[in-house]
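Quick one: the structure is below, and I'll ask about it shortly.
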Number of protein chains: 2
Amino acid sequence: MTRRAGRPRRSEIDILEYQAKIGKHALEIYRVEGFGAVSMRRLAKEVGCSPMTIYAHFEGKTDILRYLWADVLSDMSDEIQKRLKFSAAPIERLQLAAQTFVAYWTDHPDQYRLVFMSNDVNRADVSTFISDEKTLAHFSMFSDLIREVLPNEPDVQVRTDTLISGMIGIALCMNTIPDYPWVDVTLMTERLLTSVIA
Amino acid sequence: MTRRAGRPRRSEIDILEYQAKIGKHALEIYRVEGFGAVSMRRLAKEVGCSPMTIYAHFEGKTDILRYLWADVLSDMSDEIQKRLKFSAAPIERLQLAAQTFVAYWTDHPDQYRLVFMSNDVNRADVSTFISDEKTLAHFSMFSDLIREVLPNEPDVQVRTDTLISGMIGIALCMNTIPDYPWVDVTLMTERLLTSVIA
DNA sequence: TATTAATATGGAACGCGTGCCAAGTATTTT
DNA sequence: AAAATACTTGGCACGCGTTCCATATTAATA
């Protein structure tokens with residue numbers, strides 16, 4: 001294929017670098033002033049470009065917000081790891097991790113909304129973000145814990161995914177349907193865990 | 001307490017009637033043109049009042065959107081009941097209900113977002129809406145099904161709430177984190193049910 | 001250097017949720 | 001009739017996400 005005249009397309013790494021730059025600024029705004037302050041206009045001002053340029057690099061706001069996932073998820077993961085140090089028995093470790101996971105999201109509704117309630121239709125395109133890989137790592141922590149409890153179980157994926165989505169669901173219900181008389185969160189998490197262990 | 005001069009406050013029933021009127025119009029717009037068409041300005045035009053008048057009767061948009069819950073929930077409930085006719089054994093009935101529940105929300109992302117992703121802080125004030133009561137009724141259907149499976153279990157509330165929030169969580173994950181390689185939804189639902197039966 | 005294609009920019013615009021405020025209207029007591 | 005109180009209205013404003021468009025600016029080829 002012969003080159004044609006004109007300015008060439010942005011290189012892949014250029015795109016990724018610029019995206020990372022925007023993501024970094026978004027993260028900084030979020031950390032200092034919270035989610036409410038992260039707007040396209042504000043972000044553009046911070047980055048030092050026009051709002052339109054951002055739209056040239058991202059599909060929309062949701063696409064940018066993903067860059068904050070990694071931050072939130074590692075924060076949550078740290079909290080779990082911190083508490084896991086006080087526990088040795090596999091079952092206890094799993095229980096503690098699950099309880100901490102749920103507690104984190106019920107205690108931090110803003111973070112929950114950011115990660116699990118991005119309300120746009122998000123395509124699963126070619127490009128895989130770093131955050132997605134990290135997300136996978138954070139989630140696989142639970143499959144490791146489950147494997148410790150069930151060393152002879154060959155397939156723990158169904159158990160893992162059920163646990164994760166179940167915990168996320170508990171947090172969701174607490175955050176968005178507070179009017180409903182839910183039973184204690186720890187009891188629900190405990191009950192959810194029986195489906196993993198059983 | 002003696003009455004003071006001036007126009008009296010709106011009576012309770014007047015408020016409720018007006019709220020119901022607004023909710024009815026919102027429902028009509030939603031049914032014909034979808035959620036995207038339900039905006040405050042548009043709704044006011046439809047009702048025949050100024051946008052501010054709506055704010056005098058509701059705290060915000062989320063508060064109005066609750067009026068649509070009942071519609072969506074009964075639609076879902078109908079679907080479950082429809083399929084339950086082909087099943088008699090308690091366990092099968094529970095399984096079918098759960099699978100249908102999850103399938104409904106994964107098949108109707110818009111409805112899911114409406115009911116479970118109202119993203120404002122919603123107070124649990126004095127006034128209980130009709131929709132809330134109906135919500136309770138729809139959810140209690142599951143506790144009935146569980147009771148049929150476990151006739152000797154005195155307290156099924158933890159089991160019910162765990163099941164519901166777990167199913168909602170599964171649907172959430174499918175709707176908002178499609179990039180993650182989740183296992184089959186039916187398998188997850190099945191696994192979740194073991195925590196209820198166990 | 002001239003041409004050409006990709007990108008960047010600024011500005012305007014749309015519709016959104018929401019708040020504020022001054023003016024008007026309705027309904028009661030005095 | 002007059003005064004007092006509660007509600008409605010319309011208009012303006014803010015900031016938001018997003019799109020469009022005309023106009024630079026950049027970097028390659030001819």
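Chain letters run A, B, ... following the sequence lines, proteins first and then strands; every chain starts at 1. Scope of the values below: all heavy atoms of this structure, side chains included, with no hydrogens, waters or symmetry mates.
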Worksheet item: Tell me: CZ of A:Phe35 to P of D:dG15, nearest whole Å?
Response: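 From A:Phe35 CZ to D:dG15 P: 22 Å.
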Item to complete: Any chance you could lay out the ring-ring contact (aromatic ring centres under 6.0 Å, His included) test for B:His108 and B:Tyr104, step after step, and finish with the verdict?
Response: CA-CA 6 Å; B:His108 303 90; B:Tyr104 182 87; 4.4 Å; yes
Fill in: B:Arg93 (side chain) donor-acceptor with B:Ser87 (main chain) under 3.5 angstrom
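Yes, the answer is positive, given that a donor and an acceptor are paired below the 3.5 Å cut-off.
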Item to complete: Show the numbers, then the answer: is there a side chain to side chain contact (heavy atoms under 4.5 Å, CB included) between A:Ile54 and A:Ile64?
Response: CA-CA 9 Å; A:Ile54 295 184; A:Ile64 301 174; 3.6 Å; yes
Worksheet entry | Pair B:Leu68-B:Gln111, side chain to side chain contact (heavy atoms under 4.5 Å, CB included): steps then yes or no | CA-CA 9 Å; B:Leu68 311 187; B:Gln111 277 83 334; over 6 Å; no
Worksheet, complete the sentence: Given protein heavy atoms under 4.0 Å, the one-letter contact record of nucleotides 4-10 of chain D, with B base, S sugar-phosphate only and - none, is simply BBBSSBB
Worksheet item: For A:Tyr55 and C:dA12, what is the distance between atoms OH and P respectively, to the nearest whole Å?
Response: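 Spelled out: OH on A:Tyr55 to P on C:dA12 is 18 Å.
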Discussion item. Can you measure A:Arg42 atom CZ to D:dG17 atom P for me and round it to whole angstrom units?
Written reply: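 It is 12 Å, rounded to the nearest whole Å.
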Worksheet item: Okay, side chain of A:Thr53, backbone of A:Cys49: is any donor-acceptor separation there less than 3.5 Å?
Response: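 It does not hold such a pair.
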Discussion item. Taking atom types as they are modelled, would you say the side chain of A:Arg41 forms a donor-acceptor pair with the base of D:dG17 within the 3.5 Å cutoff?
Written reply: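 Indeed, a donor on one side and an acceptor on the other fall under 3.5 Å apart.
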Worksheet item: What integer distance in Å separates A:Ile54:CD1 from C:dA8:P?
Response: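 The distance from CD1 of A:Ile54 to P of C:dA8 comes to 12 Å, rounded to the nearest Å.
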Worksheet item: Over how many whole Å does the gap from A:Ile64 atom CD1 to D:dC16 atom P extend?
Response: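 These atoms are roughly 13 Å apart.
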Worksheet item: Are B:Tyr67 and B:Tyr30 near enough that their ring centres are under 6.0 Å apart?
Response: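 B:Tyr67 vs B:Tyr30: aromatic centres not under 6.0 Å.
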Worksheet item: When the distance from CZ of B:Phe58 to P of C:dG19 is rounded to whole Å, what number comes out?
Response: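 Atom-to-atom, B:Phe58 to C:dG19, this comes out as 15 Å.
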